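Quick note: residue numbers are just sequence positions, from 1. A quick note: this is a predicted structure, and the numbers were derived from the prediction, not measured. Counting convention: from 1, in listed order, for ligands and their atoms alike.
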Amino acid sequence: MATNPSAACRSCRYFDDHKLNGAAAQGDEGLCRFNPPVSQPEPQGHGLWPVVSAQDWCGHFSPEMMAGE
Ligand code: SF4
């Protein structure tokens, strides 16, 4: 249960809506950059950033206004 309705990925400093794992952004989805890439499928493959929706949220939410601080 979200206690703060503004605590959504769209307003989180770690949300990146510019591209999805090398492809164009789709809908309201974006990448969560809180952690390093995960699930590297092959030794020569690239790790993947978790894809989240703008209205998703998690316990690591941090307001965008804090970016760069
Ligand atoms: S999943 Fe959590 S840390 Fe990642 S963008 Fe959404 S609220 Fe931020």
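- Metal site remark for atom 6 (Fe) of ligand 1: C9 contributes an N, O or S atom at a distance under 2.8 Å.
- Numbered from 1 in the order shown, with element, the atoms of ligand 1 that lie under 4.0 Å from a heavy atom of F34 read 3 (S).
- When non-hydrogen atoms are compared, ligand 1 lies under 4.0 Å from the backbone of C58 as well as from its side chain.
- Looking at every heavy atom in both residues, D28 comes nearest to F15 through O-CZ, 3.9 Å.
- Between P37 and G47 the shortest heavy-atom distance is CB-C, 3.6 Å.
- Taking atom 8 (Fe) of ligand 1 as the reference point, the nearest protein heavy-atom neighbour is C12 SG, 2.4 Å.
- Across every non-hydrogen atom of W49 and N35, the tightest pair is CZ3-O, 3.0 Å.
- You'll find the side chain of L31 reaches within 4.5 Å of the side chain of V51, heavy atoms only.
- In this pair, F34 and H60 present their aromatic rings parallel. The plane angle is below 30°, not in the 30 to 60° band.
- Not a single N/O/S atom of C32, whether from backbone or side chain, sits less than 2.8 Å from atom 8 (Fe) of ligand 1.
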